[in-house]
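Scroll down for the structure; my scribbles are underneath it.
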Amino acid sequence: MALLETRGLSKSFGRLEAVKDLDLTVEQGELRGLIGPNGAGKSTVFNLITGFDVPTRGTVWFRGENITNVPAHKIAQKGISRAFQQSYLFMFSTVLENVLVGCHMSSRAGALREFLHTRSARMRDREARNKAMEILDFMGMAHLADEPASSLSHGYQRCLGVAMALACEPTLLLLDEPVTGMNPTESAEMVERIRRIREKGITVILVEHSMEVVMNVCERITVLSYGQKLAEGLPAEIQCNPLVVEAYLGKEEA
Amino acid sequence: MRLGKRRLGTLVLGVLFLALIAGLVACGGEKSTESTTGTTQSSGGAGATGTSAAGGSGSADEPVLRVGALLSLDSIQGVEMKKWLQLFAKLYNDAGGWKIGETTYRVEPMFYDVGMWDATKSRSAVEKAVLQDKVKYLVCNWGDIPAETLSVTEPNKVLWLGLDFVDDSVKPTLNYAVRAQGLFFAQGLFYYICQDYIKQGAKSVLVVCPDTQQGHVGAQLVGATATTAGMQVLDPIFFSADTADFSPIATKIASQKPDAVFFSYVAGASLINAIGALKDTGWKGFILPGELDGETLNNLVAKVGKEYVEGMETGSYDPRPVEKDPQTLNYIDAYQQQYGDWHSEGCFWIGPWFIFEDAINATQSTDVDTLVAYLTSSKKGVRTLTGYSQLFARPDLQNYKTVDSAPGHYIGVVRDGKFEYLETIACKDQYLSSIKVYGLKDVYQKYWDEYGYPEFPDQPARLDFSDL
Amino acid sequence: MTLQLFLQILVNGLMIGAIYALVASGFTLILGVLQVFNFAQGQFYMLGAFATYAVASVLGAPYVVAILAALAAMALLGILVYFSIIKWTLRYGFFHTMLATVAFGTIVGQAAVLKFGYSTAVVAAVVDKTLALGGVSLNSGKLLVLAGALVVMGLLYWFMRTKIGVAMQACAENREVACLQGINAGKVFWVTMAVGCALCGVAGALVVPVLSASTNMGQLIFLKAIIVVLVGGTGSMAGALLAAFLVGIVESFAFQYVESFAPLVIFALVAILIYFRPGGLLGKPLPIPGQ
Amino acid sequence: MRRAMLFKSNKWWLIPAFLLAVALPFFVGAYRLQIFIFVITYSLLALAFQLTMRVGLPRFDVAAWWGVGAYTSGMLMLKANMSFWLTLPISVLVSVVLGFAVFSVSVRRGMMVFMMFGMVFALALQQVFGSVKFFGGWGGTPQLPPVTIGSYVLNDKMWIYYLGMALLIFNLGVYQLLYKSRIGRAWSAIGSGLRLASSLGVNVVGYRLANVLVGNAFLALAGSFSVVYQAMIIPTTYGFQQSIYVMMYVVIGGLGFAMAGPIVGALVLTLISESMRAAQQYQPIVTGVITVLIIMFAPWGLLGVLRSRVVSVLQRLLSSRAALPDIPSSLGSPASVTAEEPGKDA
């Protein structure tokens with residue numbers, strides 16, 4: 001059984017069909033790349049999977065369960081989390097507090113206990129903090145824990161986004177252009193971290209603009225164009241696929 | 001740009017803090033020292049209360065008689081009452097003051113805005129008047145909530161000469177409250193008009209009221225009066241007080257096919273819209289408007305034409321075409337001189353001032369207890385701007401002190417788009433017709449047997465004790 | 001219920017519905033395009049009525065001129081409000097602009113009370129005839145209001161198809177994309193404000209011969225507009241127009257049977273609708289911040 | 001997710017403020033004390049507004065729920081002869097249960113529907129209070145019985161004031177405890193990034209509903225408290241205009257200041273309004289102008305200006321980085337314009 005499966009997934013905004021009859025299958029432990037020219041519908045696919053948009057047609061299956069019309073927070077609780085394309089953070093909070101929101105689900109101690117700050121609630125809170133610090137450490141930004149998120153550099157803001165998604169303890173992690181706007185060093189570090197995330201057993205779907213990164217890190221790649229699946233296969237296959245070259249690289253030549 | 005904005009921010013902050021300080025000062029008011037006569041020494045008119053209007057250039061040491069009024073300045077009645085009180089004070093002060101006993105007082109009216117049926121505003125207004133400004137007399141209240149007001153005035157021994165629509169202020173347990181502008185003994189007006197309309201052929205009547213306390217009380221009283229006068233009373237219609245579109249109401253009225261429609265506590269824009277909507281439905285019959293002043297009538301005629309309102313009768317609050325009393329004429333002259341304009345809305349409701357004036361002049365005292373003793377054993381009518389107003393006891397509530405008033409009223413009739421004086425309702429008729437309407441003859445008979453019949457001002461009356 | 005009574009109630013409902021439609025569509029237009037929750041909408045309606053009174057009764061101009069004057073005056077005032085207040089608060093977001101209109105409405109409302117007092121402004125009926133339709137008599141003044149409102153709605157429909165109207169719709173759907181396509185958002189905004197307020201002005205002008213103008217007429221109509229927008233779907237123009245007539249008719253019939261409990265009937269209606277059809281009657285509302 | 005900075009870094013001013021509040025009855029007369037009692041009531045209302053505001057939901061039914069609290073307490077005291085102290089928790093319960101019924105319809109439909117539905121509800125509720133005979137009609141209830149503690153009748157202004165203070169401090173405490181807990185963290189997250197929060201597994205509808213109901217409990221307390229000093233309950237007090245004033249309190253005080261903002265706003269506006277008692281007809285205009293000026297030139301309220309003053313002075317002294325007060329970004333702080341995508345509710 002595939003971890004994530006979409007069948008005939010479609011979404012239209014007015015007359016524009018952003019995603020059209022997409023069948024996507026992602027196996028447990030995979031590191032999948034999702035590429036395509038601008039406006040190919042990559043972010044919309046993410047929105048459909050995570051419950052931020054309701055598909056016009058089609059279904060989404062996660063671990064054999066239909067999650068098509070499930071609200072976003074429930075999908076997150078089921079184990080799909082995402083990092084957004086923009087630096088979408090709780091800007092006025094500290095880095096640590098941002099990650100703590102990600103730990104929200106796992107630190108439950110019962111409303112009354114939490115309200116009264118009983119020992120068990122405090123213990124849960126401490127555990128959550130430890131976990132958050134661990135994740136920050138993993139992302140190489142533990143030293144920034146008490147800085148306000150708005151003061152971070154762009155690269156660190158992206159990292160924080162990934163850290164928050166990780167804090168949800170996902171089975172499936174959706175990363176939307178994680179290295180955009182990073183310098184080569186930061187970018188390389190991020191690629192390394194994505195590999196390590198995957199080594200932890202977390203399945204990753206990666207939307208990325210930079211071909212270099214995708215070819216470098218992904219095992220399988222799906223190419224979208226005008227909301228439809230154009231091709232799917234190993235990086236090498238994709239690189240040689242004439243359709244892809246035409247749709248994707250062809251534009252650059254023109 | 002950024003700097004400019006910051007400066008403006010500072011400016012705003014500065015202005016607000018100034019305002020806050022002003023607020024604190026004003027809430028504090030002037031520290032006034034209370035004298036035993038219930039009057040206060042003015043501390044030079046710091047003006048913090050800002051209410052000492054109406055001329056009066058007496059020296060700072062002159063004793064001051066502070067007369068408070070809790071008024072809703074959100075309403076035309078409140079505004080007009082304020083104007084009248086300022087005028088009365090000015091007349092006294094221009095004449096050198098009010099001589100009471102051995103002392104001559106400068107009259108200082110104090111106004112407190114109470115909003116319109118607003119419990120918190122009412123409360124803070126009465127507390128400022130009584131606790132802060134040490135006002136000893138609250139005359140002419142309009143729009144306050146008597147239950148709130150009385151809970152402050154009673155323990156502080158403040159004379160309350162107000163108005164309420166339920167019987168909160170005439171309970172026998174109260175000692176300092178007199179309902180000086182009551183509507184309990186005001187059924188004479190409707191009784192007269194019902195009789196007139198019956199004579200012209202009206203058989204059934206529909207009462208239409210706003211869905212307010214006054215409206216509900218009014219509907220009950222008007223209904224009872226019409227029944228007593230011999231009309232068939234249909235189920236009253238209540239409408240939301242802020243209605244602007246009266247079409248559904250008019251449609252409902254017309255669908256019940258009454259001969260006459262009585263609007264109770266419907267005035268101004270509501271009245272014009274209501275009658276306009278009634279005309280639109282094609283209904284024809286007798287109309288009794290709740291209140292009708294000159295301006296409203298002019299607007300009404302502009303809207304529905306003269307013919308539709310021909311022969312309409314209502315209570316008149318405009319003393320100008322009626323009064324021959326020289327004192328009243330003087331007041332009207334002075335009002336027109338002072339304000340250059342004429343509004344009749346305040347004439348009726350300012351009645352308590354005359355009761356207060358009469359009590360002070362009769363007792364030559366400013367002591368609240370003396371005044372109360374005089375008022376609660378009052379025997380005669382007092383002339384107000386709109387005829388005689390007289391205090392009566394309420395034996396039906398076991399209150400044998402004279403604490404509830406029958407106000408003076410005229411009936412006017414609309415002829416050719418103009419309001420004409422028809423007749424004056426005698427105090428006696430107000431009193432007797434009300435007792436008749438409420439079916440309280442037995443209770444009052446017992447009271448009369450024990451305390452004697454009340455005496456009335458010398459006016460022609462339709463009813464006598466034998467008619468009950 | 002006789003046919004005449006039924007038709008009377010229906011016409012009452014349609015007339016007030018037409019007024020609701022004008023006010024609510026102006027409100028929903030401003031809400032959709034500017035993303036400003038205009039609390040002063042009712043005050044524009046009130047000022048429109050008084051402007052008509054001033055031109056028609058005080059200056060003695062024909063009624064049609066008075067309507068146009070009210071329209072122009074409210075449009076100008078709307079533009080003025082946009083450039084003096086709303087433009088400067090837009091960047092602080094939804095809540096701040098809303099509060100700015102609350103404060104503006106409070107100021108205007110009280111200023112009107114101080115200026116016009118508690119008296120009533122009456123404009124004589126334009127057509128003072130009762131229309132007889134097969135034994136059923138209907139007041140032609142109300143039908144005139146209805147006709148006038150329908151004409152204005154037609155104009156509005158036409159306007160929304162002009163170049164600027166299309167730009168307004170584009171801005172409402174997605175402001176950023178619209179700006180990318182070269183639409184001048186600033187211009188669209190003040191035009192929207194002008195149109196939204198002018199609709200209120202016209203509503204006030206149309207209604208004044210039937211109902212007279214008073215300073216407190218704005219507050220209630222605003223709350224009614226809210227109900228209409230809720231029923232029709234937030235930000236949906238067509239929904240607002242449809243819902244306005246529905247609310248007007250329901251109100252009119254409800255009064256006949258439950259009198260002052262009519263607001264409760266409306267509330268129940270709204271609650272049920274919201275529960276089963278969150279988007280209002282006409283499903284697809286415009287995107288609104290903070291959803 | 002904002003840190004409650006006022007209570008973290010600047011705690012010192014709490015002590016003099018508390019002492020001042022406790023000592024107040026010894027300095028001011030009965031009338032001014034009554035004004036401060038009103039300020040306390042309005043602060044309770046504004047706190048409830050601010051609480052809900054922080055999950056991105058402005059509410060315009062504040063006055064209506066205030067009325068629910070007052071009517072529940074008053075009616076139970078009048079009709080069932082209950083002790084005030086027993087009606088206090090009951091009114092909270094009634095308010096929360098009724099609130100659950102109403103809000104479970106509207107909260108899931110997003111901010112706009114929540115807000116507008118609240119207005120319609122408030123309108124309908126006032127009609128119920130006014131038109132249903134049981135509640136005493138538009139003229140209000142009969143005179144309420146006095147509030148007693150054992151055999152002592154609570155009619156001394158000073159003790160009413162202290163009771164109000166106790167309620168206010170209780171509310172502030174609950175507020176603080178909530179915001180320091182995991183629940184509060186979720187609320188703050190919803191307030192500053194709705195979609196982000198739901199993508200992290202925060203149940204937006206559930207937490208918003210909980211927040212609104214806590215607000216309802218605060219309002220019920222305020223309503224019951226007003227029964228202590230009011231002679232009667234009258235429906236016109238709980239009108240739409242009062243809800244608008246509550247909103248003004250919060251903004252004038254400072255939206256970013258969770259606790260001090262509402263209190264300062266209520267204090268300033270009540271005092272201004274009270275100082276204009278002689279010229280009440282100009283009071284709405286003055287209030288309106290102040291509000292417009294505040295919004296345009298000091299969008300984070302009086303405390304915001306004060307804070308930036310203080311900060312800029314400190315900055316000059318210490319040349320350290322200044323921090324402006326933070327606003328839940330869904331309310332539209334400049335940062336959110338790009339951060340918040342318009343779209344469907346979670």
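Keep in mind it's a predicted model, so treat the numbers as computed, not measured. Values reported hereafter were calculated over all heavy atoms of this structure, with side chains retained and with hydrogens, waters and symmetry mates removed.
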Would you confirm whether C:Ser25, through its side chain, and C:Ala21, through its main-chain N or O, come within 3.5 Å as a donor-acceptor pair?
-> yes

Are the side chain of B:Asp211 and the backbone N or O of B:Phe238 linked by a donor-acceptor pair below 3.5 Å?
-> no

Residue part contacting chain C, namely of [X], when any heavy atom lies under 4.5 Å:
X: B:Ser270; result: neither
X: B:Leu73; result: backbone
X: B:Leu300; result: neither
X: B:Asp245; result: both

Is B:Lys418 paired with B:Asp416 through a side-chain N to carboxylate O contact shorter than 4.0 Å?
-> no

Please identify each residue that fulfils ring-ring contact (aromatic ring centres under 6.0 Å, His included) with B:Phe286, with sequence neighbours left out.
-> B:Tyr197

For C:Pro263, is it the side chain, the backbone, both or neither that has a heavy atom under 4.5 Å from a heavy atom of chain B?
-> neither

Chain B: which of C:Val207, C:Val113, C:Leu220, C:Val11 shares the most heavy-atom pairs with it under 4.5 Å?
-> C:Leu220

Residue list, side-chain hydrogen bond (donor to acceptor under 3.5 Å, both in side chains) with B:Gln181, at least two apart or on another chain | none

